[in-house]
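A quick write-up on the structure given underneath.
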Amino acid sequence: MDSRNHLYLVDGSAYIFRAYHRLPPLTNPQGVPVGAVYGYTTMLWRLAEDLHQADGPTHLAVILDKGSITFRNDLYDQYKANRPPPPEDLKPQFPLIRDATRAFSLACIEEEGLEADDLIASYARAATAQGWDVTIVSSDKDLMQLVGQCAQGGAGCVDMLDTMKNQRIGIPEVVEKFGVPPELVGDVLALMGDAVDNVPGIRGIGPKTATKLIQEHGGLEQALAAAPGMKASKLRESLIEQADMARLSRQLVALKEDCPLPVPLEDFALGPIPPEPLAAFLTTHGFTSLLRKLGAPAPVTASAGAGTGESAASAPAPVESTRQALPTWPAIDRDAYPCVQTMEALQDWIARAFAARTVAIDTETSALDSMRADLVGVSLATGAGEACYIPLGHRGADMFAEAPVQIPREAALAALKPLLESDAVLKVGQNIKYDLTVLARHGIAVAPIDDTMVMSFCLDAGRGETGVAGHGMDELASRHLGHTTMLFKDVCGTGKKQISFAEVPLADATRYAAEDAEVTWRLHQLFAPRLSDEGGTRVYQRVDRPLVPVVAQMERHGIRVDREVLAGLSSTFATEIARLEAVIHEKAGGPFTIGSPKQLGDVLFDKLGYKGGKKGKSGQYSTDQSVLETLAGQGAEVATLVLEWRQLSKLKSTYTDALQAAINPDTGRVHTSYSLVGAQTGRLSSNDPNLQNIPIRTEIGRQIREAFVAEPGHVLLSADYSQIELRLAAHIADVAPLREAFEQGEDIHARTARELFGEVNRDTRGRAKTINFAILYGISRWGLATRLGTSADEAQAMIDRYFERFPGIQRYIHETLESVRAQGYSETLFGRKTWFPRINSKTQAERQGSERAAINAPIQGTSADIIKRAMARMGPALAEAGLSRVKMLLQVHDELVFELPEDDVAKASEIIHAVMAGAAAPAVHLTVPLGVEIGVGPSWGAAH
DNA sequence: CGCGTCACG
DNA sequence: GACGTACGTGACGCGC
């Protein structure tokens with residue numbers, strides 16, 4: 001047993017910010033928000049529990065920030081100037097953090113003019129100098145500079161503990177994160193800067209480049225000194241020009257290790273924790289299950305609700321039950337998984353899965369495209385530490401090596417099929433749509449299913465510091481399980497040396513694949529109760545989960561694309577592009593790369609001397625469409641030519657060339673992949689290729705839609721919601737005149753024009769249309785002014801007029817923002833949440849951006865919910881009408897595209913119309929009708 | 001890899 | 001008073 005002293009330094013301020021964002025907005029019995037306090041309290045509890053462990057704390061102190069002005073502001077007045085003020089419902093929690101610390105009878109240190117980081121650094125140094133070990137409880141990257149410090153004979157060691165991820169951070173973890181040892185972390189930070197603390201760094205250098213430079217040169221000063229000798233580049237210039245900024249940044253990120261210590265180290269010694277003050281604190285705030293653990297009787301009244309406004313049907317459990325229920329699993333041991341190579345072993349696992357009733361599955365394949373990938377193996381997980389890998393298509397490492405022993409693929413799949421199709425066993429996957437598609441190609445219809453990626457999306461859309469919380473497995477494992485997964489590149493490598501999963505040795509493949517299944521299983525255990533506690537059940541169960549197999553089937557159907565039509569367009573475009581290029585070069589007085597905005601800007605504004613060039617932040621002239629149109633309006637023919645060149649280049653490279661390459665050789669069709677978690681509002685997104693942005697607005701682009709065709713004897717049917725977002729705005733904001741107009745089937749923009757201007761003509765209708773859209777997108781007078789070509793004052797007058805005629809809109813905007821500011825998220829009519837972590841940002845642009853997005857999200861999101869409900873119902877409705885030959889192929893936000901036999905058109909139109917128009921009911925009764933327009937034709941173009 | 005640009009709803 | 005910001009996406013080419 002180690003008798004050395006071990007000091008724990010808790011970075012309290014950083015912790016509560018993270019706890020605040022991760023935990024639901026709980027309140028104590030007095031109605032005071034305590035979500036972050038609760039998280040903090042449980043963290044202290046867990047640390048206190050380690051008190052008797054061999055490696056546990058002998059001394060502990062909580063370090064807090066005090067005030068906001070520190071010596072760093074003397075170095076750089078902009079330091080932390082971008083920091084948003086804490087959210088309103090976090091502010092009252094700060095003093096409670098001190099209360100909580102005192103309740104545990106622990107030391108709490110804060111000093112004016114010093115950041116918590118500096119106090120931590122100074123205490124860490126003092127402690128290690130005396131030979132103590134130190135653990136810093138934080139995940140702050142600045143503090144990673146302190147890790148290690150094991151140097152001078154017998155002195156103590158420093159590591160970090162991220163309690164949220166339950167992860168120890170030692171030298172290897174720091175090297176993994178920064179690519180350099182702790183003593184060089186400050187140099188990397190100085191180059192990359194830090195947007196949150198407003199440390200400038202060097203513009204254009206991010207984490208990758210910063211790490212590379214420090215690795216190569218061994219330090220900041222060395223890198224700066226080497227700059228003049230580098231080959232001419234933007235990077236070289238930046239390093240030379242901004243060297244002083246980098247040096248300033250280096251000072252800002254340096255930790256002050258010689259602060260006077262306000263309280264001597266010895267005073268942090270831990271003894272048994274006196275229960276009385278703690279019990280009183282827990283009682284006051286209604287932390288009942290911790291009270292129970294303490295052995296005190298829980299008061300009956302102390303159950304604080306989550307206060308999310310959910311209906312009684314999904315009444316939240318008592319305050320901390322969600323967190324308290326966190327299972328205590330053993331750490332993931334990826335070396336312990338069996339590789340299933342015999343039929344007997346496989347049958348054993350199938351039996352276990354039937355008994356468990358829930359099995360996580362993951363398929364391993366040879367490619368990312370689920371329509372082209374070959375199945376290489378399947379992994380299963382039935383519990384913590386219970387996972388296996390079943391190799392099915394592994395090869396030898398090279399042409400001379402024998403393939404490893406495997407169950408023949410078809411035999412194994414035949415054995416798995418009853419399990420995967422059994423109603424009695426829930427199959428859980430991370431992005432299970434992929435596995436559904438792969439297995440469907442082998443005749444297996446996997447059901448019923450849950451998807452941890454989609455569950456995460458229903459819980460946490462928009463969450464996370466960047467505003468975009470990832471929902472990928474590696475990120476979820478790290479965030480929720482504190483586990484760092486093996487990465488695909490760890491087993492297959494990257495770039496030229498990348499190998500197919502089929503060539504991975506079975507031992508590695510088993511570690512990787514079975515771990516993924518186990519992680520998925522664990523995530524499912526966490527997410528299922530969270531969904532019911534946090535009110536996400538409704539939208540997950542009723543909207544997104546049913547959609548998964550539907551979308552998988554749409555992807556599998558794909559759409560027929562006529563290669564000849566595309567090739568013809570490509571060649572026409574190529575000729576015209578070449579002609580334009582010649583003329584443009586002639587007018588420019590010499591050749592240049594038209595596709596380079598940089599070169600084009602120089603040609604237009606420097607060489608040809610046109611006026612009106614504006615350089616942006618990057619020092620480059622803007623040459624976007626609006627700029628070129630302005631020039632063209634002033635008679636610059638070259639601008640017109642460039643616009644034409646741009647249009648054709650775009651169409652050729654993005655569509656007519658790329659779509660030909662996207663035709664699947666096996667099916668002869670194009671299969672997009674939809675992301676169910678791509679858009680924060682709940683919309684789908686489409687990729688590889690994106691079939692949601694096929695041209696339609698210009699005649700020349702529209703020709704591309706002619707290439708999307710039906711099979712012989714069939715037609716394409718396009719059904720789209722007309723003005724769905726405006727209709728929803730009229731319903732949600734209760735705008736009587738707009739509702740009435742929709743009921744009467746009036747032209748909605750004309751009606752708006754009549755309300756705003758008193759008369760309807762081409763001009764007023766156009767302006768009204770612009771304003772209607774501005775409302776949906778979250779209005780700003782400047783934005784509207786730009787679109788209308790008027791002054792901001794006139795735009796403001798227009799907005800005032802709009803609010804006056806449609807007071808419901810103003811009320812909606814006000815109430816939506818109030819609610820998002822207080823709760824942190826918006827909600828659609830069907831209960832889908834979108835989080836806006838920057839809604840209270842101090843940076844105006846950031847805050848206003850969030851506000852506009854928050855105004856738009858309930859409308860765009862409700863529209864997304866409605867079409868998703870229609871999609872989920874479409875298959876059964878068509879089947880019931882005997883229309884099983886009708887296939888749904890595409891979704892483009894407010895449009896569905898079907899392929900069907902010509903004979904089915906009349907009957908199918910009726911069903912499709914009914915399903916789409918009625919998709920909100922019965923969950924939501926809309927006070928406006930949903931209009932659906934249907935078109936039919938031999939091609940997508942003709943169906944519009 | 002970051003940026004500018006542009007295709008869609 | 002200014003921010004050449006109206007919301008949400010994905011893909012391409014350029015230049016490093």
Side-chain angles (χ1 to χ4, degrees), chain A residues 203-209 212 231-238 462 593-601 612 614-628 630 642-643 646-647 649-655 657-659 662 672-675 678-698 701 704-705 720-721 723-725 770-788 792 795 799 834 843-846 848-861 863-864 867 891-895:
Chain A
R203 211 171 337 104
I205 294 187
K208 305 277 176 190
T209 313
K212 201 164 143 256
K231 66 175 198 304
S233 68
K234 186 96 177 280
L235 177 65
R236 175 178 178 274
E237 298 312 311
S238 300
T593 309
I594 305 170
S596 162
K598 185 174 153 59
Q599 293 187 33
L600 178 63
K614 285 268 168 62
K615 288 189 178 181
K617 209 174 179 179
S618 59
Q620 224 175 281
Y621 289 112
S622 169
T623 65
D624 69 14
Q625 204 160 18
S626 67
V627 171
L628 294 183
T630 307
V642 170
L643 281 168
R646 280 229 182 117
Q647 182 188 23
S649 301
K650 175 87 178 178
L651 295 177
K652 181 169 185 292
S653 66
T654 309
Y655 301 104
D657 289 351
L659 281 172
T672 184
S673 171
Y674 288 100
S675 169
Q680 305 308 313
T681 52
R683 274 190 178 179
L684 303 187
S685 71
S686 157
N687 59 74
D688 296 311
N690 184 351
L691 294 186
Q692 289 181 323
N693 72 347
I694 302 300
I696 192 167
R697 292 174 185 173
T698 66
I704 293 167
R705 292 208 173 206
D720 63 284
Y721 284 112
Q723 308 285 9
I724 185 167
E725 292 193 2
T770 300
I771 298 165
N772 276 331
F773 276 102
I775 294 298
L776 295 180
Y777 295 151
I779 201 157
S780 86
R781 49 204 273 222
W782 300 285
L784 183 60
T786 310
R787 306 288 158 142
L788 287 177
I799 294 168
T834 302
T843 313
Q844 177 151 297
E846 212 168 63
Q848 289 179 341
S850 291
E851 287 174 353
R852 292 192 299 269
I855 290 165
N856 179 251
I859 298 167
Q860 188 182 116
S863 163
I867 196 167
Q891 189 253 41
V892 193
H893 309 309
D894 64 359
E895 174 188 12

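To find a chain, count down the sequence lines: A is the first, B the second, and so on, and within it residues start at 1.
Using a 4.0 Å heavy-atom distance criterion, A:I859 is classed as making no nucleic acid contact.
As a whole-Å value, the separation of A:Q848 CD from C:dC7 P is 11 Å. Rounding to whole angstrom units, OH of residue A:Y721 and P of B:dC8 are separated by 23 Å. Atoms CD1 (A:I775) and P (C:dC7) sit 14 Å apart, rounded to a whole Å. Rounded to whole angstrom, the span from the NZ atom of A:K652 across to the P atom of B:dA7 amounts to 16 Å. Between the NE2 atom of A:H893 and the C1' atom of C:dG8 there is a distance of 7 Å, given to the nearest Å. In this structure, CG of A:L659 is placed 12 Å from C1' of B:dA7, rounded to the nearest angstrom.
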Notebook entry, point to check: Could you write nucleotides 11-16 of chain C as a row of B, S and -, 5' to 3', where a protein heavy atom under 4.0 Å of any base atom gives B, of only sugar-phosphate atoms gives S, and otherwise -?
Noted result: BSSSSS
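With hydrogens and angles ignored, the 3.5 Å screen pairs a side-chain donor or acceptor of A:S596 with a backbone N or O of A:Q599. The main-chain N or O of A:D688 is never found under 3.5 Å from a side-chain atom of A:T672 such that the two would form a donor-acceptor pair.
If you check distances only, the side chain of A:R203 never reaches the base of B:dG2 with a donor-acceptor pair under 3.5 Å. Under 3.5 Å, the side chain of A:Q692 and the base of B:dA7 form no donor-acceptor pair of N or O atoms.
Closest to the A:R646 side chain, of the nucleotides B:dC6, C:dA2, B:dC8, is B:dC6. Considering only side-chain atoms of A:Y655, the nucleotide from B:dA7, C:dC3, B:dG9 that sits closest is B:dA7. Here C:dG1 is the nucleotide among C:dG1, C:dG8, B:dC8 with the atom lying nearest to any side-chain atom of A:Q844. The A:Q625 side chain lies nearest to B:dC6 when the options are B:dT5, B:dG9, B:dC6. Looking at the side chain of A:T623, the nearest of the listed nucleotides C:dG8, B:dA7, B:dT5 is B:dT5. Nearest to the side chain of A:L651, among B:dC8, B:dA7, B:dT5, sits B:dA7. Of the candidate nucleotides C:dA6, C:dG8, B:dC8, B:dC8 has the atom lying nearest to any side-chain atom of A:R705.
Between C:dA2 and B:dC6, the two P atoms lie 28 Å apart (nearest whole Å). Look at the C1' atom in both C:dA6 and B:dG2: the space between them is 25 Å, to the nearest Å.
Partners of A:S649 by side chain to side chain contact (heavy atoms under 4.5 Å, CB included), not counting sequence neighbours, listed by chain and number: A:I577, A:W645.
At least one side-chain heavy atom of A:T623 sits less than 4.5 Å from a side-chain heavy atom of A:R646. Side chains of A:D624 and A:V627 form a contact here, defined as non-hydrogen atoms less than 4.5 Å apart.
Rounding to the nearest 0.5 Å gives a distance of 10.0 Å between CD of A:Q723 and CD of A:E725.
Position along DNA chain C of the nearest nucleotide to A:W782 versus A:I771 favours A:W782 as the more 5'-ward residue.
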Item checked: Pairing pattern in dot-bracket form [Watson-Crick, G-U; both distances under 3.5 Å; | = partner strand] for DNA chain C -> ......|||||||||.
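Residue A:A658 comes nearest to A:S653 through the heavy atom pair CB-O, 3.5 Å, listed as atom of the first residue, atom of the second, then distance.
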Margin query: If you apply the rule side chain to side chain donor-acceptor pair (under 3.5 Å), what do you find for A:S780 with A:Q848, and how did you get there?
Written below: CA-CA 9 Å; A:S780 86; A:Q848 289 179 341; over 6 Å; no
